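Here is the structure we will look at, set down as structure tokens.
None of the values given here were measured: they were computed from a predicted structure.
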Amino acid sequence: MTLSANEQPDTLAHRRELLFWGWGYADQHLLPQEETLLRELVSTVGGGATAVTAPRLDEFALPAPRGKPPAALAGLFSSSVYDRLTHAYGKSFADGVRMLQRAVARPPDWVVFPKNEDQLEMLLEWADISGAALIPFGGGTSVCGGVESAVEGDYSLVVSVDLQYFNRVLEVDPVSRAALIEGGALGPELETALRPHNLTLRHFPQSFQFSTLGGWIATRAGGHYATQYTHIEDFVESIRTLTPSGLMESRRLPGSGAGPSPDRLVVGSEGTLGFITRAWLRVQDRPRFRASASIRFGDMAAACAAVRAISQAALFPSNCRLLDPLEAMLNGVGDGRNAVLVLAFESADHPLDAWLARALELVADHGGRWDADAAERSLHSSETDQNQAQHRQGTAGAWRNQFLRAPYYRNYLTPRGVIADTFETAITWDRFDNFYTGIKDAVSRAIRRETGVDGMLSCRFTHVYPDGPAPYFTFYARGTDSGDMPAMLSRWRQIKLAANTAVTELGGTITHHHAVGRDHRPGGYDQQAPALFRAAFAGAREVLDPRGMMNPGVLIDTPARGATGGGILLS
């Protein structure tokens with residue numbers, strides 16, 4: 001079913017202004033209880049007695065934009081301070097620190113807001129002639145240096161290409177349960193358009209409110225679903241990509257064995273091949289039945305064994321988040337002595353008594369304890385407002401709220417001199433014990449070496465597979481007690497490099513769902529990905545983007561403009 005323009009919600013007109021220097025909406029503030037918690041954290045870890053003040057737009061002296069927009073597209077180009085600053089970086093810890101320094105030496109020269117593919121084609125032609133670098137920009141939530149405008153190479157200017165006008169659900173196929181969605185659609189926008197059809201994409205990354213479908217595909221984003229449907233490629237049916245060499249669109253199919261997949265080439269390409277303008281996605285009926293339980297373990301090893309048993313029993317819970325004791329305490333769902341498993345099931349088709357009962361049998365085998373009455377009540381949760389609210393109470397609800405609010409905490413902690421960051425990976429079960437111990441040791445030593453004092457390092461599982469978990473580590477460290485932002489940034493870089501190196505050397509992936517960008521290349525992706533594969537990908541890129549104009553510096557080095565054959569660089 002194709003939706004007419006009149007049926008499309010005018011969501012773009014109601015997009016809230018984003019905070020240009022930090023995470024989230026400009027009008028979103030911390031709650032009093034959150035500020036109390038964060039003050040305690042600053043006191044524990046150590047930081048500045050006085051916070052660095054939040055920057056204002058008029059404090060930035062940006063260089064004049066280079067180049068001149070093409071006449072036919074001039075009305076779509078912006079050189080405003082707000083637009084250039086919000087498109088200069090993503091939302092990593094390093095990005096926030098640099099904004100607090102009031103020094104963005106190389107912002108994009110221009111930000112352009114195309115509204116259709118014809119305009120994108122004109123933009124690509126102009127960029128080829130003018131020698132511009134183009135950076136695809138969705139929601140700008142990259143936490144690994146994936147959308148930076150400070151690109152290396154002989155580019156005459158840098159343009160950030162914001163795809164926010166590509167934000168519609170164009171077609172819904174209820175028979176096949178699929179939808180055609182434009183790449184610039186934010187998570188809430190596409191879910192709002194699917195809801196009247198009683199459908200959902202059911203892909204909820206932590207950045208859901210602010211990130212786009214095209215960004216999810218480009219970065220192989222992981223969603224909130226902890227098992228089975230974990231990454232966006234699980235939902236991709238076909239992708240339409242506009243590259244500098246032309247249009248590339250895969251055939252819409254439920255599955256195919258016809259050679260290497262064109263979709264798999266685009267998924268995870270991080271804007272280096274072209275613009276993802278639309279894609280067919282497999283969608284699902286909205287869940288009607290839910291069941292959940294929160295289980296406590298006195299021993300982390302026993303908790304891991306229980307999670308492994310659940311993952312290998314093919315029960316496929318929607319949520320299977322294991323929080324180590326410190327992580328549980330920091331998220332307000334534990335006492336610091338017990339590991340906590342947040343377990344949940346959902347279905348659009350059937351009650352979940354048997355699934356929850358079997359999972360609880362498995363956790364009981366490993367010493368897990370839970371509130372039986374609360375678990376029983378959860379079985380009667382449904383899509384009604386009252387029962388939905390009930391489902392979100394208790395430990396599971398508290399964790400969910402904390403999960404969505406946590407990124408805002410950096411806006412408070414970074415100005416106060418606290419390094420707060422995360423890194424995530426995946427490892428097979430047989431190596432997890434040594435991996436967990438080795439990561440905590442390596443990163444803790446790096447924190448002590450760089451800051452002079454101990455920090456805090458916690459871990460949770462974001463996703464679990466029959467063959468291994470995806471551990472997600474969070475660390476807090478004293479960055480500076482004097483407002484010295486450059487020194488804090490330098491300490492973070494050394495801790496980040498130590499984490500990258502430890503993850504890679506201990507056998508994990510440099511990233512499970514946060515993409516590679518620039519931050520995960522040194523000590524990570526360049527070592528993890530086989531050199532021959534990186535050369536093969538560079539060759540494919542050279543065909544699709546001969547002049548290397550698309551997001552240069554991400555994933556692989558970019559050949560000098562105009563170089564052909566033999567120009568592939570492997571650092």
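For Phe60 and Tyr82, the gap between ring centers reaches or exceeds 6.0 Å. In summary, the aromatic rings of Tyr229 and His463 are positioned with their centroids too far apart to meet the 6.0 Å limit. You'll find the ring centres of Tyr25 and Phe210 inside the 6.0 Å limit.
Of the N and O atoms on the side chains of Thr511 and Tyr525, not one donor lies less than 3.5 Å from an acceptor on the other residue. Side-chain N/O atoms of Trp216 and Ser211 include a donor and acceptor closer than 3.5 Å. A donor-acceptor contact closer than 3.5 angstrom links the side chains of Thr428 and Arg431. Asp95 and Ser92 form a side-chain donor-acceptor contact under 3.5 Å, judged by distance and modelled atom types alone.
Note that Arg405 lies in the cation-pi zone of Tyr408, set by a 6.0 Å cut-off to the ring centre and a 45° limit from the axis. Remark: Arg98 qualifies as a cation-pi partner of Tyr89 under the 6.0 Å distance and 45° angle criteria applied to the six-membered ring.
Inter-residue side-chain proximity for Leu85 and Leu62 is flagged as met; some heavy-atom pair is nearer than 4.5 Å. For the pair Thr141 and Gln206, the minimum side-chain heavy-atom distance is 4.5 Å or more. Using a 4.5 Å heavy-atom cutoff, the side chains of Thr227 and Tyr465 are not in contact.
Atom CZ of Arg337 has 12 or fewer heavy atoms from other residues, nucleotides or ligands within 6.0 Å. Within 6.0 Å of the CZ atom in Arg220, the count of heavy atoms belonging to other residues, nucleotides or ligands does not exceed 12.
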- Task: Start with the C-alpha gap between Tyr476 and Tyr409, add the side-chain angles, then the distance that decides, and say whether ring-ring contact (aromatic ring centres under 6.0 Å, His included) holds.
- Result: CA-CA 12 Å; Tyr476 301 94; Tyr409 295 175; 9.1 Å; no
- ring-ring contact (aromatic ring centres under 6.0 Å, His included) between His512 and Phe423, worked out: CA-CA 9 Å; His512 174 265; Phe423 59 97; over 10 Å; no
- Audit row: Arg460, Asp324, salt bridge (charged side-chain N to carboxylate O under 4.0 Å, His left out) steps and yes/no: CA-CA 6 Å; Arg460 70 173 183 263; Asp324 74 6; over 6 Å; no
- Message: What verdict does the side-chain hydrogen bond (donor to acceptor under 3.5 Å, both in side chains) test give for Glu424 and Thr462, after you've listed the backbone C-alpha separation in whole Å, the side-chain angles of each residue and the deciding distance to 0.1 Å?
- Response: CA-CA 9 Å; Glu424 32 70 50; Thr462 59; over 6 Å; no
- side-chain contact (heavy atoms from CB on, under 4.5 Å) between Gln28 and Gln209, worked out: CA-CA 13 Å; Gln28 186 77 56; Gln209 288 179 291; over 6 Å; no
- Step-by-step side-chain contact (heavy atoms from CB on, under 4.5 Å) determination, Ile217 to Leu213: CA-CA 6 Å; Ile217 294 173; Leu213 172 64; 4.0 Å; yes
- Begin from the C-alpha positions of Leu330 and Met456 and carry the test side-chain contact (heavy atoms from CB on, under 4.5 Å) through to its verdict. CA-CA 10 Å; Leu330 292 174; Met456 301 172 70; 3.7 Å; yes
- Step-by-step ring-ring contact (aromatic ring centres under 6.0 Å, His included) determination, Tyr472 to His514: CA-CA 11 Å; Tyr472 185 109; His514 278 170; 5.8 Å; yes
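His520 meets the ring-ring contact (aromatic ring centres under 6.0 Å, His included) test with no other residue; sequence neighbours excluded. Not counting sequence neighbours, Arg491 has no partner by the side chain to side chain donor-acceptor pair (under 3.5 Å) test. Every residue was checked against the ring-ring contact (aromatic ring centres under 6.0 Å, His included) condition with Tyr412, not counting sequence neighbours, and none meets it.
Although no hydrogens or angles enter the test, the distance criterion places no donor-acceptor pair under 3.5 Å between the side chain of Ser444 and the main chain of Asp441. Judged purely by atom type and a 3.5 angstrom limit, Ser43 has no side-chain atom pairing as donor or acceptor with the backbone of Arg39.
Remark: Glu148 does not engage Arg106 in a salt bridge, criterion side-chain N to carboxylate O under 4.0 Å.
Closest heavy-atom contact between Gln528 and Thr504: N-CG2, 4.4 Å.
Relative ring orientation between Phe235 and His203 is described as perpendicular, the plane-to-plane angle rising above 60° on a 0-90° scale split at 30° and 60°. Ring geometry, Phe461 versus Trp429: the interplanar angle exceeds 60°, so the pair is classed perpendicular (tilted spans 30 to 60°).
The line from CG of Asp481 to CE of Met488 is 11.0 Å long, rounded to the nearest 0.5 Å.
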